[in-house]
Colleague: 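First the structure, which I've put down as structure tokens, then a few questions once you've had a look.
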Protein chains: 4
Amino acid sequence: MIIVLRSDATEENIQHILEKAQKIGLKANVSRGVEKTVIGLIGPEDALRVIPLEVFPGVEQVIPVLAPYKLVSREFKKENSIIKINKDTHVGGQRVVVMAGPCSVESLKSLKSVAKKIKDAGALVLRGGAFKPRTSPYDFQGLGEDGLKYLQEVGKELGMATITEVMDPRDVELICRYTDILQIGARNMQNFSLLKEVGKSKKPTMLKRGMSATIKEWLMSAEYLLANGNFDVMLCERGIRTFETATRNTLDINAVAVVKQLSHLPIVVDPSHGTGRWGLVGSGAKAAVAAGCDALMMEVHENPEEALSDGEQSLKPDNFNNLMKDLGKVASAVGRAI
Amino acid sequence: MIIVLRSDATEENIQHILEKAQKIGLKANVSRGVEKTVIGLIGPEDALRVIPLEVFPGVEQVIPVLAPYKLVSREFKKENSIIKINKDTHVGGQRVVVMAGPCSVESLKSLKSVAKKIKDAGALVLRGGAFKPRTSPYDFQGLGEDGLKYLQEVGKELGMATITEVMDPRDVELICRYTDILQIGARNMQNFSLLKEVGKSKKPTMLKRGMSATIKEWLMSAEYLLANGNFDVMLCERGIRTFETATRNTLDINAVAVVKQLSHLPIVVDPSHGTGRWGLVGSGAKAAVAAGCDALMMEVHENPEEALSDGEQSLKPDNFNNLMKDLGKVASAVGRAI
Amino acid sequence: MIIVLRSDATEENIQHILEKAQKIGLKANVSRGVEKTVIGLIGPEDALRVIPLEVFPGVEQVIPVLAPYKLVSREFKKENSIIKINKDTHVGGQRVVVMAGPCSVESLKSLKSVAKKIKDAGALVLRGGAFKPRTSPYDFQGLGEDGLKYLQEVGKELGMATITEVMDPRDVELICRYTDILQIGARNMQNFSLLKEVGKSKKPTMLKRGMSATIKEWLMSAEYLLANGNFDVMLCERGIRTFETATRNTLDINAVAVVKQLSHLPIVVDPSHGTGRWGLVGSGAKAAVAAGCDALMMEVHENPEEALSDGEQSLKPDNFNNLMKDLGKVASAVGRAI
Amino acid sequence: MIIVLRSDATEENIQHILEKAQKIGLKANVSRGVEKTVIGLIGPEDALRVIPLEVFPGVEQVIPVLAPYKLVSREFKKENSIIKINKDTHVGGQRVVVMAGPCSVESLKSLKSVAKKIKDAGALVLRGGAFKPRTSPYDFQGLGEDGLKYLQEVGKELGMATITEVMDPRDVELICRYTDILQIGARNMQNFSLLKEVGKSKKPTMLKRGMSATIKEWLMSAEYLLANGNFDVMLCERGIRTFETATRNTLDINAVAVVKQLSHLPIVVDPSHGTGRWGLVGSGAKAAVAAGCDALMMEVHENPEEALSDGEQSLKPDNFNNLMKDLGKVASAVGRAI
């Protein structure tokens with residue numbers, strides 16, 4: 001922790017800080033510059049982080065030196081984590097795993113039909129929402145447990161792993177019974193009650209980045225999962241909110257490489273939400289693979305015109321199939337497979 | 001709903017849209033310009049909003065005409081809503097209500113001590129967190145039910161109404177037993193499970209704006225509360241996330257007047273979070289009152305250096321007392337009282 | 001300058017940095033923590049700022065301690081600067097100066113007519129654009145030198161100071177002959193060629209904040225003016241670009257108090273651009289005065305429906321007159337006058 | 001142009017708008033819904049765009065139907081524009097053109113040395129700044145005309161085309177004499193005086209996107225160039241400003257596909273500024289090629305530790321050489337070459 005003092009800070013101000021430091025067992029290092037004095041505090045930053053040093057008299061700025069996350073950090077674990085979903089599917093290895101399916105599970109029949117095509121195109125994981133977070137209380141809220149059943153049935157029949165979103169801490173147990181991967185959505189990235197329950201479940205989990213979350217905050221939310229016992233965590237970049245309105249979100253492609261530097265956890269990219277328009281999904285998916293992502297999540301629907309949610313960003317199976325071929329070439333260009 | 005077609009849209013594309021419109025019972029109005037054709041669809045937009053018209057062939061842009069919220073809108077209810085907290089305290093009337101207190105309830109003794117000073121300075125509502133949303137799993141998470149008990153005890157003793165945050169749908173009932181107002185925090189603005197439970201509780205509720213929520217999304221979240229039966233809702237502007245790093249958040253002062261135009265619900269401003277630095281709180285609070293807010297929420301702590309959370313943005317009782325006097329003058333300049 | 005090293009930095013990495021520091025005459029202070037080593041460099045940061053320490057092996061983060069601006073800083077000059085416009089008008093003193101007028105000068109007649117009403121309402125400075133920055137090459141670009149002549153004529157006749165925008169370094173001398181204050185627009189805040197010319201002119205200058213400029217960058221642009229000899233500089237907050245689309249810009253009300261802390265220069269607020277809608281201007285203006293601004297700039301037009309630019313955010317003279325009365329009360333509530 | 005009326009708009013309000021429309025020769029189409037009336041105006045939107053319809057009584061919202069740009073639009077010209085730089089170098093065709101070099105020209109010797117390596121690695125265009133836009137007036141401002149001479153000399157000797165930034169309308173002629181491509185920097189994207197001069201020059205020009213410019217505004221700035229006679233325009237995405245601070249800018253990878261849809265102009269991506277850290281440049285460059293860009297611009301320096309500007313985001317020649325090989329594979333995966 002580094003404390004920069006104001007140029008009018010007094011000797012008394014300095015002593016006051018040093019006493020505080022001593023009280024909590026930190027070594028202090030005072031460096032008096034021509035214009036400003038800087039105090040470095042050495043020791044466990046956790047003890048310090050909870051003390052609002054900004055309000056101490058004479059303090060201009062407080063700068064943390066250590067990252068606030070630990071278990072998710074590359075420093076805690078050097079090698080990449082590989083998350084085992086089932087015996088055939090691992091995220092974080094050489095193969096870029098594709099998760100695809102409709103935004104919402106709408107019926108058993110439609111799910112089965114689209115899932116077959118998705119599987120044939122090369123996807124390993126089937127997605128489908130049963131509990132849907134909707135901006136409007138008047139919009140379709142999902143089929144609930146029926147949706148989970150359909151997802152499980154189709155997944156088993158086709159031999160695909162499944163992923164679905166959990167929104168409520170009370171639903172964690174229920175959803176764990178039906179699905180292989182839990183998804184925490186962008187709007188719930190800092191729903192700490194949910195994070196704690198999902199952490200305790202130890203189920204493989206994909207944590208989406210909040211719409212306006214910094215990468216640091218996102219890693220802190222992942223830290224909640226790991227700190228509660230769940231190390232099978234994947235991070236999912238799904239676009240951030242910016243001033244640009246030509247797209248629904250701004251896909252933060254830089255985040256792929258940044259996360260790889262800071263953390264050992266695998267990184268998934270969702271170009272469907274990251275762009276918000278199906279005509280842009282292909283370009284975003286190719287960019288994501290080239291940038292080094294470990295998995296992709298994409299929305300596919302047989303008849304987007306009739307989709308109950310997110311139709312505007314859903315690919316048709318034909319487009320998806322063609323895209324998968326293109327993605328195979330890009331993956332191979334960067335030493336991966338799909 | 002207005003549909004702008006691409007300049008290369010065909011007659012067949014137009015017919016396809018008109019058929020869809022007819023099927024769901026809407027009147028269509030086709031306007032063929034020199035460069036582009038525009039279709040206006042007349043009727044209930046709710047039916048339409050769930051149809052992804054963007055994916056229909058030939059469509060360039062879909063523009064909703066009606067606001068997606070209803071119950072919260074000024075058109076639904078012309079006159080300002082006044083929320084009754086208890087017999088002495090109403091939010092939305094001539095008096096600007098001040099809610100103040102520590103970020104977290106830390107002990108019965110410290111809460112009682114600061115509450116007295118806050119009350120003497122003119123605050124009507126006592127705030128204090130018992131369940132705390134913390135970015136880090138390693139930070140102080142609140143006293144839980146003990147915190148609620150202390151808050152209730154001090155509120156009763158001093159005759160102040162109380163407000164505290166609810167983060168988990170499972171806690172709604174518990175918290176309702178102890179407090180007069182529920183607060184939904186910025187991170188939970190789109191926690192729809194929580195919104196539904198709080199809506200059903202019918203307890204006066206203050207809904208904070210999400211860090212990167214548009215005003216429209218914020219009103220949609222309030223709509224969840226009203227649609228579930230709770231009309232005693234206050235909206236709280238607490239700063240939004242922007243590129244500026246000199247302050248913790250950017251207090252969106254425009255939001256006060258915009259909300260007043262769009263909705264009948266009272267608007268609260270939280271300059272503590274809206275600035276993130278105690279030295280800026282006074283300026284933000286005065287601006288908020290001048291802009292027309294109905295209530296203020298501010299963090300006050302007797303010894304910010306020892307605060308377990310948000311010390312850097314907490315006022316000391318003396319500063320708070322002086323500020324209240326200044327705020328009284330500003331309120332009076334705009335025809336209000338404090 | 002503080003250099004935080006990576007946890008895997010070697011002793012050789014440290015020596016390499018220390019040698020570099022010594023070469024440019026800086027004292028170094030090495031502080032070896034349990035997890036990370038931190039090096040503090042003491043001496044002129046200017047010498048350091050141009051060295052990309054981030055690329056030195058082993059470096060994780062480089063943190064400047066000193067502000068990059070000097071002449072504009074509160075540390076350079078403790079007391080508030082008061083800018084003398086003419087013998088009656090000073091910006092930065094007890095009186096909040098109001099600058100008002102049409103967005104563009106459209107004709108001598110219309111300018112004279114609106115100026116009289118503005119003056120009667122209490123404005124001291126007449127604004128009007130002669131060279132207009134327009135997003136579209138097909139929009140009205142201003143009357144050029146004729147506009148300047150009209151502005152000068154009306155200003156003289158009514159005894160009002162005048163302000164107009166300069167966009168091109170080649171126009172600085174011309175505009176200086178006609179007007180009392182130069183305005184540098186938001187789009188040109190980092191037009192360094194223009195800043196240098198305006199700096200040399202020594203004419204009172206109002207520097208608008210760039211649409212996405214941090215306060216620090218804004219102060220750096222002001223530093224260009226002072227470093228080139230012009231100390232008569234006012235800063236103007238005019239709204240920043242955020243994700244919110246309900247308003248044209250987000251008026252950063254926090255910036256008023258932040259600028260007052262960091263700099264001795266006066267701060268102007270422009271609620272016309274800061275909101276973008278005339279119905280919100282009054283609320284923004286009152287908030288700005290309550291927050292402590294030194295001057296206001298507002299667009300006023302006798303017939304906004306016919307305005308050649310910015311009609312949607314222009315007040316009519318009657319509204320402006322009423323607003324001025326309200327602003328007088330708010331100013332008085334915070335110890336100022338209008 | 002579509003005008004949505006408020007639900008309380010009167011018949012008189014409607015008539016007032018219709019009269020205005022008639023006066024400027026537009027056909028109007030009134031559509032009366034249950035809740036709201038909508039007026040469609042058919043005819044040249046340019047005439048309308050300058051009229052502030054938002055201030056007409058009863059108007060809630062004004063929605064333009066036509067894009068405000070014309071010459072740059074895909075509708076104006078269906079096929080991709082290919083910009084001829086010299087007989088060997090064209091931007092917009094099958095080959096992805098790489099532009100590389102130091103941020104600033106620092107000396108003839110260093111420029112020649114790095115240029116050779118860059119050329120050997122496969123770059124076709126040499127970049128180097130002679131006039132530098134610097135946030136601080138105290139930073140290195142470039143070598144000026146000497147820098148231009150060195151750039152020309154090295155370009156000729158190695159047979160490479162050259163590109164350099166122009167910041168001042170007074171320098172356009174001078175710089176045109178020395179270089180093959182003019183660059184307009186992000187900070188000058190809306191420097192309309194500069195845009196007009198560069199437009200008249202008819203020199204191939206690369207227009208960088210402003211830090212917080214929407215894609216629409218960026219295309220409008222390009223429209224300034226084309227409307228002034230210069231059709232040899234390339235657009236350059238270089239990262240936008242967002243709340244994320246882990247990177248200098250957020251590379252908006254979506255912009256590549258969006259620009260391709262909206263415009264016939266070639267799109268360049270600058271991953272050096274788009275990330276701001278050399279360790280992320282490779283990932284960003286690969287993503288850009290996969291997403292479909294027509295050219296890349298990257299900063300390369302033989303000794304970033306000694307670079308006079310942007311050292312932290314400059315690649316060393318070895319890294320650049322390796323990256324070029326990787327980029328070749330990605331280009332080939334998407335049907336392009338490098």
Side-chain angles (χ1 to χ4, degrees), chain B residues 1-9 21 25-48 59-70 73-78 210-212 216 239-250 261-262, chain D residues 1-9 21 25-48 59-70 73-78 211-212 216 239-250 258 261-262:
Chain B
M1 188 78 71
I2 291 159
I3 302 166
V4 180
L5 299 183
R6 299 163 47 96
S7 56
D8 59 4
L26 297 165
K27 262 179 56 188
N29 189 327
V30 182
S31 160
R32 291 165 205 266
V34 186
E35 297 185 47
K36 301 211 170 169
T37 293
V38 170
I39 302 177
L41 296 179
I42 299 169
E45 287 212 351
D46 282 349
L48 264 173
V59 172
E60 184 176 282
Q61 208 187 346
V62 178
I63 303 156
V65 167
L66 303 183
Y69 42 81
K70 306 198 180 315
S73 75
R74 184 62 86 178
E75 290 168 359
F76 177 78
K77 180 158 176 272
K78 291 255 174 301
M211 204 161 325
S212 68
K216 195 191 276 184
I240 57 174
R241 177 158 280 182
T242 69
F243 60 83
E244 179 59 69
T245 53
T247 48
R248 182 173 170 190
N249 292 296
T250 297
Q261 288 182 351
L262 299 177
Chain D
M1 188 77 73
I2 291 160
I3 301 166
V4 180
L5 298 184
R6 299 162 49 96
S7 56
D8 59 3
L26 296 166
K27 261 179 56 188
N29 189 328
V30 183
S31 160
R32 292 166 205 266
V34 184
E35 296 186 48
K36 300 210 172 171
T37 294
V38 170
I39 303 177
L41 296 179
I42 300 170
E45 286 212 351
D46 283 351
L48 264 173
V59 172
E60 184 176 281
Q61 207 187 348
V62 178
I63 304 157
V65 168
L66 303 182
Y69 43 82
K70 305 195 181 320
S73 75
R74 185 62 85 178
E75 291 168 0
F76 177 77
K77 181 161 175 274
K78 292 256 174 299
M211 205 160 325
S212 68
K216 194 191 275 185
I240 58 174
R241 176 159 282 182
T242 69
F243 61 82
E244 179 57 72
T245 53
T247 48
R248 183 173 169 190
N249 293 295
T250 297
V258 173
Q261 288 182 351
L262 299 178

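The chains referred to below are lettered A, B, ... by the order of the sequence lines, with proteins before strands, and numbering in each begins at 1.
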Colleague: So what's closer than 4.5 Å to chain D heavy atoms on B:E244: side chain, backbone, both or neither?
Modeller: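 Contact with chain D involves no heavy atom of B:E244 at all.
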Colleague: List the atom of D:L66, the atom of B:K36, and the distance in Å for their closest heavy-atom pair.
Modeller: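 Where D:L66 meets B:K36 most closely, the heavy atoms are CD2-CG, 3.5 Å.
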Colleague: Is D:R6 in contact with chain B via its backbone, its side chain, both, or neither, using a 4.5 Å heavy-atom distance?
Modeller: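 For D:R6, there is no contact with chain B at all, as no heavy atom is under 4.5 Å.
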Colleague: Could you work out, with salt bridge (Lys or Arg N to Asp or Glu O under 4.0 Å) as the rule, every residue matching D:R74, not counting sequence neighbours?
Modeller: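 Scan of D:R74 (salt bridge (Lys or Arg N to Asp or Glu O under 4.0 Å), adjacent residues dropped) gives none.
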Colleague: Do you know which two heavy atoms are closest between B:V30 and D:N29, and how far apart they sit?
Modeller: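 Of all heavy-atom pairs spanning B:V30 and D:N29, the closest is O-ND2, 4.2 Å.
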Colleague: Output the distance between atom NZ (D:K78) and atom CG (B:D8), rounded to the nearest 0.5 Å.
Modeller: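 These two atoms lie 6.5 Å from each other.
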Colleague: Side chain, backbone, both or neither: which part of B:S212 has an atom under 4.5 Å from a heavy atom of chain D?
Modeller: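 Contact with chain D is absent: no heavy atom of B:S212 under 4.5 Å.
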Colleague: CZ of D:R241 to OG1 of B:T242: how many Å apart, nearest 0.5 Å?
Modeller: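 So the gap between those two atoms works out to 10.0 Å.
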Colleague: Mind checking what makes side chain to side chain donor-acceptor pair (under 3.5 Å) contact with B:T247, not counting sequence neighbours?
Modeller: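 Side chain to side chain donor-acceptor pair (under 3.5 Å) list for B:T247, sorted by chain: empty.
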Colleague: Could you point out which residue of D:V38, D:I63, D:I2 forms a side-chain contact (heavy atoms from CB on, under 4.5 Å) with B:V38?
Modeller: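 Of the listed residues D:V38, D:I63, D:I2, the side-chain contact (heavy atoms from CB on, under 4.5 Å) partner of B:V38 is D:I2.
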Colleague: Can you confirm whether B:K77 is buried at NZ, in the sense that more than 12 heavy atoms of other residues, nucleotides or ligands lie under 6.0 Å from that atom?
Modeller: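 Yes, the 6.0 Å shell around NZ holds more than 12 heavy atoms from other groups.
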